[in-house]
Amino acid sequence: QVQLVESGGGLVQAGGSLRLSCAASGSIFSLNAMGWYRQAPGKQRELVAVINSGGSTNYADSVKGRFTISRDNAKKTVYLQMNSLKPEDTAVYYCNADGVRFGIGQYGAFWGQGTQVTVFS
C-alpha cells in the first residue's frame, strides 16, 4: 500500500511563512504528479499547487507569487513553501499523489491525512 505523510502545518501570524512536507512511502514503482490541496471550513477542497515528475508546476491564482512547490524525486517528497501568508490561507492542507504505479498494471491516486494551517491577523 501507499502512504502519504504530511508535516509542517501550524499556527502563524499573517505575513509569516510555513513549509509543508509530504513523503510518500510503500510499494511505489513510479509517481507522476504530486500536489497540495486545501479545504477551509464550509468550502470545497481546492487545488493549491501541483508539480509533475518533470518539474512543471501549476498554481492557484490566489497563491501565485507567494507559494512555491518543489519535489525531491529520490525521496518521493513534495514541499510547499508558503510565504506572505494571509488569514484566508487558513485551511486543512492535503497532499496528493497521482499517477502512482504501485504494482504490475496497478495505478492510482492517494491522499495524505491533512495538516492544519491557521493564519491569524
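Along the sequence shown, residues are numbered consecutively beginning with 1. Keep in mind that this is a model prediction, so the values were computed, not measured.
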(request) May I ask you to test the Phe29-Gln106 pair for a side-chain heavy-atom distance under 4.5 Å? (result) no

(request) Please name all residues satisfying salt bridge (charged side-chain N to carboxylate O under 4.0 Å, His left out) with Lys64, sequence neighbours left out, ordered by chain then number. (result) Asp61

(request) Please examine the side chains of Asn96 and Met34, heavy atoms only from C-beta on, and report whether any two atoms are closer than 4.5 Å. (result) no

(request) Look at the side chain of Thr77 and the backbone N and O of Lys75, then say whether any donor-acceptor pair between them is shorter than 3.5 Å. (result) yes

(request) Find the distance between OG (Ser84) and CG (Asp89) and round it off to the nearest 0.5 Å. (result) 9.5 Å

(request) Flag this pair as yes if the NZ/CZ of Arg45 is under 6.0 angstrom from the six-membered ring centre of Tyr94 and inside a 45 degree cone about the axis; otherwise no. (result) yes

(message) Between Trp111 and Tyr37 (judged by ring centroids, cut-off 6.0 Å), do the two rings come close enough to count as a pair?
(response) yes

(request) State, yes or no, whether a side-chain contact exists between Leu80 and Tyr93 at a heavy-atom distance under 4.5 Å. (result) yes

(request) Examine Val50 and Trp36 and state if one hydrophobic cluster contains both, with Ile, Leu, Val, Met, Phe, Trp and Tyr joined whenever side-chain heavy atoms are less than 4.5 Å apart. (result) no

(message) Would Val117 and Thr90 count as a side-chain contact (heavy atoms from CB on, under 4.5 Å) here? Give the steps.
(response) CA-CA 5 Å; Val117 171; Thr90 295; 5.9 Å; no

(request) Using a cut-off of 6.0 Å, state whether more than 12 heavy atoms not belonging to Gln44 lie near its atom CD. (result) no

(request) Going by the side chain to side chain contact (heavy atoms under 4.5 Å, CB included) test, name the single residue among Val63, Leu47, Thr115 that passes it with Arg38. (result) Val63

(message) Within the 4.5 Å heavy-atom criterion, are Glu88 and Ser62 side-chain neighbours or not?
(response) no

N/O donor to acceptor pairs below 3.5 angstrom from side-chain atoms of residues 1-28, sequence neighbours left out:
from, atom 1, to, atom 2, distance (Å)
Gln3, OE1, Ser25, OG, 3.4
Glu6, OE1, Gln113, N, 3.1
Glu6, OE1, Gln113, NE2, 3.4
Glu6, OE1, Gly114, N, 2.6
Glu6, OE2, Cys95, N, 2.6
Glu6, OE2, Gly114, N, 3.4
Ser17, OG, Asn83, OD1, 2.9
Ser27, OG, Phe102, O, 3.1

(request) Answer yes or no: is there a side-chain heavy-atom contact under 4.5 Å between Asp98 and Asn32? (result) no

(message) Determine whether Lys86 and Ser121 satisfy the following criterion, side-chain contact (heavy atoms from CB on, under 4.5 Å), listing intermediate values before the conclusion.
(response) CA-CA 8 Å; Lys86 304 175 181 179; Ser121 57; over 6 Å; no

(request) Find the distance between CD1 (Ile51) and OH (Tyr79) and round it off to the nearest 0.5 Å. (result) 11.5 Å

(message) Any non-hydrogen side-chain atom of Phe67 less than 4.5 Å from a side-chain atom of Leu85?
(response) yes

